[in-house]
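Working notes, beginning with the structure itself.
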2 protein chains.
Amino acid sequence: MGGVFKALGDPTRREILSLLRDRDRSAGEIAEHFEISKPAISKHLDILKEAELVSAEKQGLYRIYSINLTVLQETVSGFMDLFEKE
Amino acid sequence: MGGVFKALGDPTRREILSLLRDRDRSAGEIAEHFEISKPAISKHLDILKEAELVSAEKQGLYRIYSINLTVLQETVSGFMDLFEKE
DNA sequence: TAACTATTTAGCTAATTAGTTAAACAAAGT
DNA sequence: ACTTTGTTTAACTAATTAGCTAAATAGTTA
């Protein structure tokens, strides 16, 4: 669970998630949206994958990334439950 | 908003929040729950304060910290709304 | 198999972060 | 005023992180 919050701590990674919210995208397509280098994006994707916030599927030459909404929602809302007033 | 996720990214800070969930506590009381030094805790508290996740009130010799549930909930749930399926 | 494209890995650097101890500051009591 | 107690600030260090470029890997196409 720590990994999820760590992953969400970086603005680039949050922006990647919001790109993937709309639709799946290849690594290169994601990289296009940022000023930073492709290897840097690749590393961010790796961290998101590690946190299970995204998953990747090989499709020919491309790696298609998709967001894992379930993990995102369950982790964050599970955490937030700790802070419910009762 | 970034500040909130950055603040939540650290396990010590999440644990501080969960201590403050039960009741307000002084800086020293918070520090007692951890192995690390008081100055280290003080810095964590500063980051949480910066993110407006906690607030501090002077009470004589003590600084009493309380959690700001509103900021925590609104920020996180506001962020999660971006990921609602529609 | 050679060339091309997409992506990742490796090796490096600069910046940030979480921790340390020592010193400073603030409030209270003697 | 001096001491004690609680907390923060300063100065430093070690570890981590986010970025870079160059090289390697993997898949496609000619």
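Every value quoted in this text rests on a predicted model; they were computed, and no experiment measured them. These numbers come from the heavy atoms of this one structure, side chains and all, not from hydrogens, waters or symmetry mates.
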- side chain to side chain contact (heavy atoms under 4.5 Å, CB included) assessment of Phe83(B) paired with Leu17(A): CA-CA 9 Å; Phe83(B) 294 93; Leu17(A) 290 177; 3.8 Å; yes
So, with a heavy-atom separation below 4.0 Å from DNA chain C, the residues of residues 41-59 of chain B are Lys43(B), His44(B), Ile47(B), Lys58(B)
*What is the nucleic acid contact for Phe34(B), judged by heavy atoms within less than 4.0 Å: base, sugar-phosphate only, or nothing?*
nothing
- Task: Indicate yes or no: at least one non-hydrogen side-chain atom of Phe34(B) is less than 4.5 angstrom from one of Thr12(B).
- Result: yes
Whole-Å distance, Lys6(A) NZ to dT16(D) C1', equals 8 Å
Residues pairing under salt bridge (Lys or Arg N to Asp or Glu O under 4.0 Å) where one sits in residues 55-81 of chain A, two or more places apart or in two chains, turn out to be none
Practice prompt. Classify the nucleic acid contact of Ala40(B) as base, sugar-phosphate or nothing, counting any heavy atom under 4.0 Å across all strands shown.
Written response: base
**Q.** Enclosure of Glu29(A) CD (heavy-atom neighbours >12, cutoff 6.0 Å)
**A.** yes
Which of dT7(D), dT8(C), dA10(D) is nearest the side chain of Arg63(A)? It is dT8(C)
Rounded to whole Å, NZ of Lys38(A) lies from P of dT5(C) at a distance of 11 Å
Could you check whether Ile36(B) gets within reach of a base, just the sugar-phosphate, or nothing at all, counting any heavy atom under 4.0 Å? sugar-phosphate
| field | Donor-acceptor contact present, side-chain Thr75(B) to main-chain Val71(B), <3.5 Å | value | yes
Would you say the side-chain atoms of Arg25(A) pair up with the backbone N or O of Leu19(A), donor to acceptor, closer than 3.5 Å? yes
Ile64(A) atom CD1 is separated from dT8(C) atom C1', nearest whole Å, by 15 Å
Leu8(A) atom CG is separated from dA18(D) atom P, nearest whole Å, by 13 Å
Within the structure, does a side-chain N or O atom of Ser37(B) lie under 4.0 Å from either OP1 or OP2 of dG19(C)?
-> no
Ranking dT8(C), dA10(D), dA18(C) by distance to the side chain of Asp10(B), first place goes to dA18(C)
task = Please examine the side chains of Asn68(B) and Ser55(B), heavy atoms only from C-beta on, and report whether any two atoms are closer than 4.5 Å.
result = no
Here the distance between atom C1' of dT7(D) and atom OH of Tyr65(B), to the nearest Å, is 8 Å
Ignoring backbone atoms, establish whether Ser26(B) has a side-chain N or O less than 4.0 Å from OP1 or OP2 of dG6(D).
no
Separation of dT8(C) atom C1' from Leu61(A) atom CG, nearest Å, is 13 Å
